[in-house]
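Here is the naming used below: chain letters follow the sequence lines, and residue numbers restart at 1 for every chain. The structure presented is a predicted model; accordingly, all values stated were derived computationally and were not measured.
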Amino acid sequence: MGIEEKLPSGILLTTVEQVAGFVRKTSMWPATFGLACCAIEMMSVGGPHYDLARFGMEKFGATPRQADLMIVAGRVSQKMAPVLRQIYDQMPGPKWVIAMGVCASSGGMFNNYAIVQGVDHVVPVDIYLPGCPPRPEMLLHAVMKLHDNVQHEKLGAHRDREIEELDQRQLRTLPLIERPEGAQR
Amino acid sequence: MSTNEHEGKPNLNSEENAPARRGEERLTSPVRGTGLFGAQTTGDTSGYGGLVVRGTAPLGSERPYTDPDDPHTAFFDDVADKIEASLGATDVGYGDAVERVVVDRGEITFHVRREALLTLARRLRDDEALRFELCIGVTGVHYPSDTGRELHAVYEFRSITHNRKIRLEVACPDADPHIPSIVSAYPTNDWHEREAWDFFGIVFDGHPALTRIQMPDDWHGHPQRKDYPLGGIPVEYRGAKIPPPDERRSYA
Amino acid sequence: MSTAPTEDYIDASGGDWDQVVEAAQKSSAERLVVNMGPQHPSTHGVLRLILTLDGESVTEARVGIGYLHTGIEKNMEYRTWTQGSTFVTRMDYLTPLFNETAYCLAVEKLLGITDSIPERASVIRVLMMELNRMSSHFVAMATFGMELGATTIMTNGFREREMVLDIFEHITGLRMNHAYVRPGGVSQDLPASAIPKIKELLVEMPKRIKVMRKLLDENPIYLARTRNVAHLNLAGCMALGLTGPLVRASGLAWDLRKAQPYCGYEDYDFDIPVSDGGDVYARYRVRVAEIEQSLRIVQQCMDRLQAGPVMVEDAKIAWPARLAIGPDGLGNSPDHIAHIMGGSMEALIHHFKIVTEGFRVPAGQAYAAVESAKGELGCYAVSDGGPRPYRTHFRDPSFVHLQAVAAMCEGGSVADVVAAVASIDPVMGGVDR
């Protein structure tokens, strides 16, 4: 009763990229990186009410060696930053990072000597999730967005070209204040 | 920031500082502090409200410390008597140990000379009449304008037996930031003293291992002192820059 | 970081793994130094434990903290007294309402308005704090279960906590980090629909607690992991300055709500649960019993709620606006905006000044303490007479309690370290601030 029966001769056409993306997104294992308030909401997401197991992601890895998603949940202090980087380096590629909450995204309200102003100073971030702390539903939304990105991620030379294009586009982008339509947005 | 001028001055020997008259005294004391945009009056440029800031905390209180109208102060005279009696049994006299006593807002603060701190702490713990079993901890406060007494260490003690709480305040100059450690009497102060060292640079002599606790080991400076900047960075929002909180226009 | 061969231990606390292994093979030492954390599933938050092991037993346990130091105390010096509430709520993020109340009690003491806080505001504070105590204890038990590998306890605990969080969200608008208690009272009144929700909780929660008790109280596996583990007697508790459930599990009925009542706790009828076990199991029993007592207090709060203001009357301190939900979320009520923008110039000036500049607090210092879910949570605040705190310091119970890890773990087995730390229930946001 699978989708194959509806197709002629049981053939399903797709691309290698789509297959790899599908496999990657459906077997994503997060590494625990609970730091502060957001970590509690992250744990709630793993709990029965929000049930991250629906996405096959309930196995919060104890070890970074068996994880491919790092959810940085909370403020990253100057003392924690080297540890965070070490754990990120220990994760095997391909790997993704969600910066959960404003503190991880930009330092948030703690613009001071102790807090790294955004975890993207330390590791590359795929999804920025605002909120202080974000609701569990918002984390689920971020996870689904990431799944979407992973599904459509290109491979090999295509990926290199995509990165180059994105870089160029970002370099050409004006700050909102200098854009003619920026004021309305 | 306005200054804290009352610290470091000798005791006032007038009975106007008795706690019973404190409220009245504050109402009649001169207006202090500058207001919005540096106003020298009440700081109330709107004329809407009579917002007035009066007085400072008392410089020192005279006996009786107990205010009959305030039940929180009921034990103050008693505890001062007991400390005096208890210190009499040691080689440190009460007058040498306690510089002055401040009764304010239903709390009693003993300003203690640092040389006498450890002796006093031991008496507070061991004397049956005092029995302050629990040290709530120590924290630093930095008063840069209080010349010669820039760094204060503030200790809170709680007696479970008698259900009392007192505060000790010890000052030391920035040039010689040494205060004896009381970890030998109150082991719970171990981390509190490390934290006060980390944030304020107060050296607690006799501490078993005075190392940084909150900041990384190789950090420079003591971040919660007033001469240490907040350390924020300007935030860019839609291309416009907003300075960090300590560099914005201030109303104080 | 390889170990010099003259020393009789193997240092596996960091560095290049190949070098560690090489050093270990060369050495004939029996003792092993390992590093737990700062990021590890079985530690409570970003806590670092440096353990010296002799086989399975721990000969030395050291605790490293500071991995979540946020500089909240310093940041508050650049914000108004009212904004301070927003910062303190993020310290110990499992007991936000206790942080806010301790801070507000200290500010109110400095302002000298302790006695003029409206009755209704105090009752709401007590109500919220007791609900918070329940949610915090549920997380304590849940994470304890998770760290021992008992996932059922974890899922149950978080499910029960959701009930409390629903009420919080209904009242304050947020699940965590509420900034609900403000100097002078609380930010807004209870919505009418909150009462039935709390009543529902009062009916439902005792059943849930019964389930929890049935699952754990006599569970032989749980008993084996908790009985006589991480024992600490009363003398040790006192020397290390422990308070809260830890000292009550060692036989001393010390509770600030009874000893030094605040927010009108003297008028409530409740018991202080005590156990003289002094071990992990006793701490669990005390926590469960405290949840039951909290339910009693919440019930009494419901009876004591009388109509009235929830903010001090003094317009120089109270927030000028009432909040209301508009099409773009929670904000100043339309009535208030109409008043200041169209009705009264003075009201507009007043609103502007109190919101931007804040109120001034007479110079002096004050210490206020509350019995948080973890122990004595104290706030020491210094004012120089300005509209911002000169210095605030929080005496967080978790900070003090973590010092007891060495006393609880040394001599025990390495598996019990996890149980010991979890039974302390430290929250690193509070420890490091």
Side-chain angles (χ1 to χ4, degrees), chain B residues 1-4 6 23 26 32-33 36 43-46 48-49 51 53-58 104-107 109 133-137 139-142 154 156 158 160 163 165 167 186-192 195 198-199 212-216 223-224 228 230-231 245-246 248 250-252, chain C residues 63-66 69 71 73-75 77-80 109-110 112 114 238-243 252 254 259-260 315-316 346-347 349-350 352-353 356-367 369 376 378 380 382-388 390-391 393-395 399-400 402-403 431-433:
Chain B
M1 285 293 163
S2 64
T3 58
N4 198 326
H6 66 278
R26 182 171 290 139
R32 291 187 51 83
L36 200 60
D44 182 16
T45 49
S46 69
Y48 174 65
L51 180 70
V53 180
R54 289 182 191 278
T56 60
D104 185 29
R105 294 174 168 89
E107 295 179 348
T109 308
E133 297 97 339
L134 209 55
C135 181
I136 309 276
T139 181
V141 190
H142 187 211
V154 182
E156 311 271 350
R158 206 182 267 290
I160 290 176
N163 198 9
K165 189 193 77 68
R167 178 186 297 133
Y186 289 97
T188 177
N189 251 28
D190 182 349
W191 282 14
H192 291 283
E195 193 183 74
D198 196 355
F199 287 160
R212 285 192 185 272
I213 184 163
Q214 301 282 17
M215 303 308 296
Q224 300 208 347
Y228 194 100
L230 180 61
D246 55 335
R248 294 179 200 161
S250 158
Y251 295 109
Chain C
V63 184
I65 62 167
H69 175 58
E73 289 167 3
K74 177 113 179 168
N75 240 0
E77 293 168 15
Y78 297 95
R79 301 287 183 173
T80 65
K109 206 181 218 182
L110 281 172
T114 308
M238 281 291 107
L240 292 166
L242 306 195
T243 49
L252 181 67
W254 173 252
Q260 299 275 337
K316 286 288 157 200
E346 288 76 16
I349 294 170
H350 176 67
F352 177 76
K353 274 182 68 73
T356 57
E357 184 182 347
F359 52 79
R360 284 163 191 271
V361 173
Q365 52 185 346
Y367 177 84
E376 174 169 349
Y380 169 73
V382 185
S383 173
D384 65 345
R388 294 167 169 187
Y390 187 77
R391 161 117 179 107
H393 173 73
F394 281 80
R395 187 264 189 201
F399 178 80
V400 183
L402 267 185
Q403 295 186 81
V431 174
D432 296 340
R433 297 177 302 280

J.: Mind running side chain to side chain contact (heavy atoms under 4.5 Å, CB included) on Tyr367(C) and Val154(B) for me, showing each step along the way?
T.: CA-CA 11 Å; Tyr367(C) 177 84; Val154(B) 182; over 6 Å; no
J.: Gln214(B) side chain to His69(C) main-chain N or O, any donor-acceptor pair under 3.5 Å?
T.: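 Not confirmed, Gln214(B) side chain does not pair with His69(C) backbone.
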J.: Mind checking whether His142(B) and Tyr390(C) have ring centres under 6.0 Å apart?
T.: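 Ring-ring flag for His142(B)/Tyr390(C): false, centres at least 6.0 Å apart.
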J.: Go through Thr139(B) and Arg391(C) one step at a time and tell me if the side-chain hydrogen bond (donor to acceptor under 3.5 Å, both in side chains) criterion holds.
T.: CA-CA 10 Å; Thr139(B) 181; Arg391(C) 161 117 179 107; 2.8 Å; yes
J.: Starting at CD of Gln224(B), measure out to CD of Glu77(C) and round the result to the nearest 0.5 Å.
T.: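 So the CD of Gln224(B) and the CD of Glu77(C) are separated by 6.5 Å.
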J.: Is any side-chain N of the basic residue among Glu195(B) and Arg433(C) closer than 4.0 Å to the acidic one's carboxylate O?
T.: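 Arg433(C) and Glu195(B): salt-bridged.
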J.: Which atoms of Leu402(C) are under 4.5 Å from chain B, going by heavy atoms: the side chain, the backbone, both sets, or neither?
T.: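 For Leu402(C), the contact with chain B is made by backbone and side chain together.
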J.: Could you check which of Arg212(B), Glu133(B), Arg158(B) has the highest count of heavy-atom pairs closer than 4.5 Å to chain C?
T.: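 The residue among Arg212(B), Glu133(B), Arg158(B) with the greatest pair count is Arg158(B).
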J.: Which heavy atom in Pro187(B) sits nearest to a heavy atom in Gln403(C), and how many Å separate them?
T.: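 Scanning both residues, the minimum pair turns out to be O-OE1, 3.9 Å.
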J.: Test your reading of the model: is there a side-chain donor-acceptor pair from Lys74(C) to the backbone of Leu230(B), 3.5 Å cut-off?
T.: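 No, because the side chain of Lys74(C) does not come within donor-acceptor range (under 3.5 Å) of the backbone of Leu230(B).
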J.: Can you measure from CZ (Phe399(C)) to CD1 (Ile213(B)) and round to the nearest 0.5 angstrom?
T.: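 It is 4.5 Å, given to the nearest 0.5 Å.
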J.: Please classify the contact between Tyr228(B) and chain C as side chain, backbone, both or neither, with a heavy-atom cut-off of under 4.5 Å.
T.: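 For Tyr228(B), the contact with chain C is made by backbone and side chain together.
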J.: Which one wins on heavy-atom pair count under 4.5 Å against chain C: Thr188(B), Val141(B), Leu134(B), Thr109(B)?
T.: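 Option with the top pair count is Thr188(B).
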J.: Can you list the steps and then say if Gln365(C) with Arg105(B) is a side-chain hydrogen bond (donor to acceptor under 3.5 Å, both in side chains)?
T.: CA-CA 8 Å; Gln365(C) 52 185 346; Arg105(B) 294 174 168 89; over 6 Å; no
J.: If you apply the rule side chain to side chain contact (heavy atoms under 4.5 Å, CB included), what do you find for Ile136(B) with Tyr380(C), and how did you get there?
T.: CA-CA 11 Å; Ile136(B) 309 276; Tyr380(C) 169 73; over 6 Å; no
J.: To the nearest 0.5 Å, how far apart are SG in Cys135(B) and CE in Met238(C)?
T.: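 CE of Met238(C) is found 12.0 Å from SG of Cys135(B).
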J.: Relative to chain B, which segment of Thr114(C) carries a heavy atom at a distance below 4.5 Å: side chain, backbone, both, or neither?
T.: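 For Thr114(C), there is no contact with chain B at all, as no heavy atom is under 4.5 Å.
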J.: Looking at Gly137(B), Gly140(B), Pro216(B), which one has more heavy-atom pairs under 4.5 Å with chain C than the rest?
T.: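 So the answer, after comparing Gly137(B), Gly140(B), Pro216(B), is Gly140(B).
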J.: For the atom pair CG (Leu240(C)) and CG (Asp190(B)), what is the distance rounded to the nearest 0.5 Å?
T.: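 Spacing of CG (Leu240(C)) from CG (Asp190(B)) equals 9.5 Å.
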J.: Heavy-atom pairs under 4.5 Å with chain C - which of Lys165(B), Met215(B), Glu156(B) has more of them than the others?
T.: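 Most heavy-atom pairs within the cutoff with chain C belong to Glu156(B).
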